[in-house]
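Just so it is clear, the structure is predicted and the values come from calculations on it, not from any experiment.
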Amino acid sequence: MSDLPPDDGGDVQPDPVVRTALQLLPVPAHKGDFWTRLDREIDLTDPSTAPGAPADTDRADAGDDDLGLYAASSTALVPPALRRRSNAVVAVAAAAAAVLVVVAASTLVRERSGSDDTTTELAGPTDTTDTTTGDVTTTSAGSGQPSTMLTSPTVSGEVEEISAAAVLAWVDALGAGDDVDAWESMGPTSRAHFGSKASFDEQLSGMAEGYGAWSVGKPDHVVVTPVLSEGDVTLVIVTLVGTIAPEGMTETRADAFPVRITGGTAEPEPFAFAGEIEFVVPEGVPEGGTRPVVEDDELVVVVPEGVSAPIVRLDDGEAMVCGEALGTELTELDQASGQRCAISPEGGIPAGQRVLTVAYASPDGGEISGQSVLFEAA
C-alpha cells in the first residue's frame with residue numbers, strides 16, 4: 001500500500017500496522033488461469049461499460065460469475081480518492097486488503113494477549129475526579145477504570161452505640177406491646193408510612209410476633225453498618241444476628257433495621273423503604289426454610305436502576321461502596337431494569353456461617369433500604 005503514487009486526493013501515507021498485518025497473511029494459491037481471468041474481468045469494470053456505453057460482448061465464462069461479482073462490487077468499497085483510474089487492479093487489491101487487515105490485526109491482538117478471545121475492551125480515560133459521599137472522600141476513575149482506593153464509609157463508636165440501643169429499645173417495646181413507645185420512637189418516614197397511630201396499632205400484634213421476638217431472644221451479634229452521612233443526619237443499618245423463636249418456632253436469622261441519627265438522637269426507620277433489594281447469591285432465606293449454601297467466591301445482589309453508592313458488607317468487615325471499593329463491581333442489567341452488584345472478597349469467602357448486608361439511601365436521604373441475609377459458605 002505504501003507504493004501507491006499521489007492521486008488527486010493527496011499522498012497516501014504508509015501505515016506500518018497495516019503493512020505488518022498484510023505481511024503476516026498467507027497468500028492463497030490460484031489456478032493457472034487466475035490472472036488471465038482477473039484481467040478480463042477488470043476490463044469489464046472500465047467506465048466504458050457503464051449504462052449507455054457500448055456493450056462489451058467479451059464476457060467471462062459462466063463458471064467465473066463469482067470472480068466477476070467480486071471484481072465489480074469491490075470497487076465500491078474503496079474511497080474515490082484511493083482509486084487509480086489507470087489500473088483497476090489497485091481497487092480490487094485494496095478492497096481485499098480492507099477485509100483481510102481486520103483478520104490479521106485480530107490475530108496480532110490475540111498473540112500479544114495470549115488469549116483466543118477476540119473481544120477486546122479498551123481502557124477508559126485515566127483522569128480521576130475526587131467526589132465526596134457523605135463524610136467519605138473517594139477517588140473515582142474514568143469510564144472503564146476501576147477505583148484504586150478502597151472506599152469504606154465509617155461512623156463513630158458513639159453513633160454505633162446509640163443506633164444499636166435505639167433498635168433494641170424498639171423491639172423491646174414491640175415485645176411488651178407498648179404501642180406508645182413503639183410508635184413515638186420511630187423516625188418520621190416510618191410514621192408517615194402508616195399515616196396514623198391507629199393504623200400502626202392495627203398491625204402491632206403481627207410486628208410483636210416478628211420483630212418483637214428479639215426482645216426475648218437477645219442477639220448474639222449486633223453489627224452497625226454506615227450508609228450515609230450528610231450534615232447533621234447519619235443513616236445506618238443495625239443488623240441483629242442470633243436465635244429467636246417467633247410464633248414458637250426457633251430459628252437463627254439476621255434482621256436489618258435502618259436507623260436515622262439527627263442531632264445525636266437515633267430513631268429506627270424500619271418502614272422508610274427506598275426501594276427493593278434482591279439477593280441472588282446467596283438467595284434469600286424463605287420463611288421456614290433453610291439457609292442457602294454458597295460454594296463460589298462471588299456474592300451478587302440487584303438494586304434498582306439509578307441507585308448510587310449502594311453499601312455492601314460481609315459480616316463485620318469493612319462497609320464498602322459497591323462499584324467503588326476494590327473487589328466490587330456495579331453494572332447495569334442487560335435484559336431488565338436494575339443494577340447488578342458483585343462482591344468478590346480478597347482471598348475468597350471463609351467457610352462457615354456468614355452475614356451479607358446491603359443498603360442504600362434515596363438521593364435526598366429521606367428514605368433508606370437495608371437487608372441482611374444469613375448464609376453458609378462452603
Side-chain angles (χ1 to χ4, degrees), residues 132-136 151-194 197 200 204 207-208 210-242 244 253-274 309-321 355-362 364-372:
T132 302
T133 304
D135 59 354
V136 181
T151 306
S152 304
T154 59
V155 291
S156 66
E158 180 182 1
V159 168
E160 291 183 347
E161 290 178 5
I162 64 174
S163 301
V167 169
L168 293 173
W170 186 70
V171 296
D172 283 346
L174 288 177
D178 188 341
D179 59 304
V180 175
D181 280 354
W183 169 258
E184 293 182 350
S185 64
M186 288 193 307
T189 307
S190 291
R191 291 198 299 271
H193 169 78
F194 291 98
K197 182 177 179 300
F200 174 79
L204 184 61
M207 288 184 286
Y211 293 140
W214 286 107
S215 64
V216 179
K218 296 300 181 181
D220 299 326
H221 305 284
V222 178
V223 181
V224 179
T225 300
V227 177
L228 177 68
S229 181
E230 186 171 312
D232 65 343
V233 176
T234 299
L235 302 178
V236 302
I237 299 295
V238 176
T239 300
L240 306 181
V241 184
I244 57 177
R253 72 187 197 193
D255 284 344
F257 299 86
V259 176
R260 182 190 311 277
I261 302 97
T262 307
T265 300
E267 298 174 309
E269 288 279 21
F271 304 101
F273 304 113
I311 302 298
V312 294
R313 190 179 194 182
L314 183 62
D315 297 337
D316 58 353
E318 292 181 297
M320 302 180 293
V321 176
V355 177
L356 175 63
T357 299
V358 181
Y360 62 88
S362 61
D364 61 358
E367 300 171 324
I368 178 175
S369 291
Q371 290 186 38
S372 296

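Test D316, V355, V222 against V241 for side chain to side chain contact (heavy atoms under 4.5 Å, CB included) and you get one pass: V355.
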Q: For side-chain contact (heavy atoms from CB on, under 4.5 Å), just list the numbers for V155 and T234, CA-CA rounded to whole Å, side-chain angles, deciding distance to a tenth of an Å, and then say yes or no.
A: CA-CA 9 Å; V155 291; T234 299; 4.0 Å; yes
Q | Derivation of the side-chain contact (heavy atoms from CB on, under 4.5 Å) call for I261 and I162 | A | CA-CA 9 Å; I261 302 97; I162 64 174; 3.9 Å; yes
Q | Working for side-chain contact (heavy atoms from CB on, under 4.5 Å), residues I237 and I368 | A | CA-CA 9 Å; I237 299 295; I368 178 175; 3.8 Å; yes
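With values rounded to the nearest 0.5 angstrom, T262 atom OG1 is found 8.0 Å from L235 atom CG. How far OG1 of T239 is from CG of D255: 8.5 Å, rounded to the nearest 0.5 Å. Interatomic distance, T357 OG1 to L314 CG, rounded to the nearest 0.5 Å: 8.5 Å. Atom-to-atom distance recorded for D315:CG and H221:NE2 is 9.0 Å, nearest 0.5 angstrom. Rounded to the nearest 0.5 Å, atoms CH2 (W214) and CG (L174) are 13.5 Å apart. For the atom pair NE2 of H193 and CE of M186, the computed distance is 8.5 Å after rounding to the nearest 0.5 Å.
Counting only heavy atoms from C-beta outward, the side chains of P153 and V321 approach each other to under 4.5 Å. Between D181 and S185 there is no side-chain heavy-atom pair separated by less than 4.5 Å. The shortest distance between side-chain heavy atoms of V238 and E160 does not fall below 4.5 Å. Side-chain contact between V171 and F257 is present, with heavy atoms from C-beta onward closer than 4.5 Å. Between V259 and E267, every side-chain heavy-atom pair lies at or beyond the 4.5 Å cut-off.
Using a 30° and 60° split on the angle between ring planes, F200 and W183 fall in the tilted class, from 30° to 60°.
Minimum interatomic distance between G217 and I244 (heavy atoms only, all atoms of both residues): O-CG2, 3.5 Å. Across every non-hydrogen atom of G242 and D220, the tightest pair is CA-OD2, 3.5 Å. Residues A266 and A166 share a closest heavy-atom pair of O-CB, 3.7 Å. Scanning both residues, P226 and I311, for their nearest heavy atoms gives O-CG2, 3.7 Å. Contact record, R260 with G366: NH2-O, 2.8 Å, taken as the closest heavy-atom pair. Across every non-hydrogen atom of A182 and A173, the tightest pair is N-CB, 3.9 Å.
Side-chain atoms of R313 and T225 form a donor-acceptor pair, as typed in the model, at a separation below 3.5 Å. When only modelled atom types and interatomic distance are considered, S190 and E269 share a side-chain donor-acceptor pair under 3.5 Å.
Within the 3.5 Å criterion, the main-chain N or O of Y360 finds no donor-acceptor partner in the side chain of S369. No donor-acceptor pair under 3.5 Å is formed between the side chain of R253 and the backbone N or O of L240. A donor-acceptor contact shorter than 3.5 Å links the side chain of S362 to the backbone of E367.
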